[in-house]
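Down below is the structure, laid out as structure tokens.
It should be emphasised that the depicted structure is a prediction, and the values quoted were computed from it without experimental measurement.
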Amino acid sequence: MGQTLKRKYRGVCWNNSDKKYRVKIKHKGKHLFLGNFDDPQLAAQHWDCAAKLLQGPNARLNFRRQDQPLSIVMEVRKRLAALDVKLKR
């Protein structure tokens, strides 16, 4: 996989140096790093979860109306808290 590969999922890109999929989301003008993943769909699920938490129910997602597993929600919440990001209620 090279840099010429088109992105399939919003917020997910291939990191050649780590050989993993990198997830970042933009919030209030800042790019927030959510992690590196072996699987692009798992990476996209993490991005979707962060988008819902940061942008609310009208966020544009990779997967339509898919509820995220609790483990992903907790992981994303923990990561955003570590970045000192306030979530939408």
Side-chain angles (χ1 to χ4, degrees):
M1 293 185 181
Q3 291 179 341
T4 58
L5 183 68
K6 289 186 180 181
R7 290 185 185 174
K8 184 174 181 179
Y9 299 112
R10 188 180 315 265
V12 178
C13 65
W14 177 251
N15 183 353
N16 244 352
S17 62
D18 292 337
K19 305 291 188 231
K20 293 186 183 249
Y21 293 92
R22 176 173 286 175
V23 180
K24 289 194 286 185
I25 190 166
K26 192 171 183 178
H27 179 66
K28 295 188 179 180
K30 295 182 181 180
H31 289 276
L32 307 174
F33 174 70
L34 299 176
N36 290 317
F37 300 89
D38 293 321
D39 179 57
Q41 289 181 335
L42 181 61
Q45 285 180 321
H46 278 75
W47 190 91
D48 280 4
C49 182
K52 285 182 192 177
L53 291 170
L54 297 171
Q55 300 165 8
N58 295 324
R60 292 178 64 197
L61 305 175
N62 290 301
F63 305 106
R64 292 184 185 169
R65 298 181 188 182
Q66 179 179 355
D67 290 331
Q68 305 302 328
L70 184 58
S71 60
I72 291 177
V73 174
M74 297 306 292
E75 191 175 329
V76 170
R77 281 184 174 272
K78 183 178 176 181
R79 180 69 182 148
L80 292 174
L83 296 170
D84 200 28
V85 176
K86 304 253 187 258
L87 305 178
K88 268 202 164 193
R89 293 190 179 232

- Task: Return the orientation label for the Phe37 and His46 ring planes: parallel under 30°, perpendicular over 60°, tilted otherwise.
- Result: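 Ring orientation, 0 to 90° scale: tilted.
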
- Message: Assess the residue pair Arg77 and Leu53 against the criterion (side-chain contact (heavy atoms from CB on, under 4.5 Å)); give the C-alpha distance rounded to whole Å, side-chain angles, the decisive distance to 0.1 Å, and a yes or no.
- Response: CA-CA 8 Å; Arg77 281 184 174 272; Leu53 291 170; 3.6 Å; yes

Student check: side-chain heavy atoms of [X] and [Y] closer than 4.5 Å:
X: Leu34; Y: Lys24; value: no
X: Gln55; Y: Ile25; value: yes
X: Val12; Y: Arg22; value: no
X: Asn15; Y: Lys19; value: no
X: Leu54; Y: Leu80; value: yes
X: Asp48; Y: Ile72; value: no

Nearest 0.5 Å, please: how far is [atom2] in [Y] from [atom1] in [X]?
X: Gln45; Y: Gln41; atom1: CD; atom2: CD; value: 7.5 Å
X: Asp38; Y: Lys20; atom1: CG; atom2: NZ; value: 3.5 Å
X: Lys52; Y: Leu87; atom1: NZ; atom2: CG; value: 14.0 Å
X: Asp18; Y: Asn36; atom1: CG; atom2: CG; value: 5.0 Å

- Could you give me the CA-CA distance, side-chain angles and deciding distance for Asn62 and Trp47, then say whether side-chain contact (heavy atoms from CB on, under 4.5 Å) is met? CA-CA 8 Å; Asn62 290 301; Trp47 190 91; 3.6 Å; yes

- Message: Starting from Leu42, can I reach Trp14 by hopping between I/L/V/M/F/W/Y residues whose side chains sit under 4.5 Å apart?
- Response: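 Linked within one cluster.
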
- Task: Specify the closest pair of heavy atoms between Ala51 and Ala59, including all atoms of both residues, with the distance to one decimal.
- Result: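 Where Ala51 meets Ala59 most closely, the heavy atoms are O-CB, 3.6 Å.
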
- Query: With no hydrogens and no angle check, is any side-chain donor or acceptor of Arg79 less than 3.5 Å from a backbone partner on Phe33?
  - Reply: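 Yes, Arg79 side chain to Phe33 backbone: donor-acceptor pair under 3.5 Å.
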
- Item | Ring center gap for Tyr21 and Tyr9 short of 6.0 angstrom |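 Ring centroids of Tyr21 and Tyr9 are no less than 6.0 Å from each other.
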
